[in-house]
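Data first, discussion second: the structure below is written as structure tokens.
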Amino acid sequence: QVQLVESGGGLVQAGGSLRLSCAASGRTFSTYGMGWFRQAPGKEREFVADINGDGGRTYYADSVEGRFTISRDNAKNTAYLQMNNLKPEDTAVYYCAARYYSGNSGYSSPHQYAYWGQGTQVTVSS
């Protein structure tokens with residue numbers, strides 16, 4: 001079991017950068033794969049990126065690849081999402097999530113994740 005708390009959201013101008021953090025509870029953080037999702041008003045929850053347990057494998061949605069970087073520091077029980085060159089289309093509530101299977105990346109369905117944070121708002125202005 002794991003509890004997740006996101007932080008780092010806020011208001012930023014287009015072209016700016018923001019780093020989101022996801023702090024996890026427990027002593028088995030490295031056994032969970034981690035993902036980031038986002039949800040804009042009126043839209044379904046959308047996959048952004050995920051990372052395997054040891055951080056060696058990552059996968060990104062086409063819409064963010066080249067701009068966003070997912071990472072993790074298992075010693076700190078924390079996952080990160082570095083967002084660069086932000087666009088107004090990136091505006092959404094961002095959620096971190098944990099899954100039991102940690103060997104690979106590329107798990108893009110919300111149904112594959114067991115635990116979720118509360119979400120943090122990211123707003124990108126033109």
Side-chain angles (χ1 to χ4, degrees):
Q1 305 86 22
V2 61
Q3 290 182 311
L4 308 173
V5 180
E6 301 103 328
S7 62
L11 176 64
V12 65
Q13 291 184 329
S17 297
L18 210 59
R19 187 169 84 155
L20 306 183
S21 297
C22 177
S25 66
R27 296 171 290 176
T28 58
F29 181 61
S30 64
T31 68
Y32 295 93
M34 298 295 298
W36 286 95
F37 292 77
R38 64 188 183 186
Q39 189 165 23
K43 296 185 178 180
E44 293 185 346
R45 192 160 297 188
E46 175 189 25
F47 171 79
V48 175
D50 74 323
I51 188 167
N52 75 326
D54 67 16
R57 298 179 179 181
T58 59
Y59 183 74
Y60 298 90
D62 289 344
S63 59
V64 307
E65 190 164 20
R67 299 188 298 121
F68 291 11
T69 302
I70 187 171
S71 62
R72 66 193 297 159
D73 187 338
N74 288 343
K76 297 181 178 180
N77 275 22
T78 304
Y80 304 95
L81 184 68
Q82 177 67 46
M83 304 183 292
N84 297 326
N85 192 24
L86 282 161
K87 305 177 183 298
E89 306 89 85
D90 297 318
T91 296
V93 176
Y94 283 70
Y95 300 89
C96 66
R99 62 175 187 264
Y100 289 118
Y101 17 95
S102 61
N104 293 317
S105 61
Y107 294 88
S108 61
S109 172
H111 297 102
Q112 296 172 304
Y113 293 80
Y115 305 103
W116 294 83
Q118 82 288 351
T120 185
Q121 177 71 46
V122 172
T123 302
V124 184
S125 62
S126 300

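The distance from atom OG1 of Thr69 to atom CZ of Arg19, rounded to the nearest 0.5 Å, is 11.0 Å. Here the CD1-OH distance, from Ile51 to Tyr59, works out to 15.0 Å after rounding to the nearest 0.5 Å. A distance of 10.5 Å separates CG in Leu86 from OG1 in Thr123, rounded to the nearest 0.5 Å. Remark: Ser102 OG to Asp50 CG distance equals 11.5 Å, nearest 0.5 Å. Summarising the geometry, atom OH belonging to Tyr95 is positioned 13.0 Å from atom CD belonging to Glu46; distances are rounded to the nearest 0.5 Å. Atom CG of Asn77 is separated from atom OG1 of Thr28 by 8.0 Å, given to the nearest 0.5 angstrom.
The two residues Ala49 and Leu81 make their nearest non-hydrogen contact at CB-CD1, 4.5 Å. Residue Asn74 comes nearest to Ser30 through the heavy atom pair ND2-CB, 3.4 Å, listed as atom of the first residue, atom of the second, then distance. Of all the heavy atoms in Val93 and Gln121, the pair that sits closest is CG2-OE1, 3.3 Å. For the residue pair Ala98 and Leu4, the shortest heavy atom distance occurs at N-CD1, 3.8 Å. Heavy atoms only, all atoms of each residue included: Ser126 and Ala14 are closest at CA-CB, 4.4 Å. Scanning both residues, Val48 and Val64, for their nearest heavy atoms gives O-CG2, 3.5 Å.
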Report task. Decide side-chain contact (heavy atoms from CB on, under 4.5 Å) for Tyr101 and Gln112; before the verdict, give the C-alpha distance in whole Å, the side-chain angles of both, and the deciding distance to 0.1 Å. Result -> CA-CA 9 Å; Tyr101 17 95; Gln112 296 172 304; 3.3 Å; yes
Query - Intermediate values then yes/no, side-chain contact (heavy atoms from CB on, under 4.5 Å), Ser63 and Arg38 - result: CA-CA 12 Å; Ser63 59; Arg38 64 188 183 186; 3.5 Å; yes
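Judged by distance alone, the side chains of Asn52 and Ser105 never bring a donor and an acceptor atom under 3.5 Å apart.
With hydrogens and angles ignored, the 3.5 Å screen pairs no side-chain donor or acceptor of Ser108 with any backbone N or O of Phe47.
Residues Asp90 and Met83 fail the side-chain proximity criterion, which asks for heavy atoms closer than 4.5 Å. Side-chain contact between Tyr80 and Asp73: present, with at least one pair of heavy atoms (C-beta onward) separated by less than 4.5 Å. Contact check for Met34 versus Phe29: side-chain heavy atoms found under the 4.5 Å cut-off. Here the side chains of Glu6 and Tyr94 are not in contact, with every heavy-atom distance at 4.5 Å or above.
Classification of the Tyr100-Tyr115 ring pair by plane angle, with boundaries at 30° and 60°, yields perpendicular. Below 30°, between 30° and 60°, or above 60°: for Phe37 and Tyr113 the angle between ring planes is above 60°, a perpendicular geometry.
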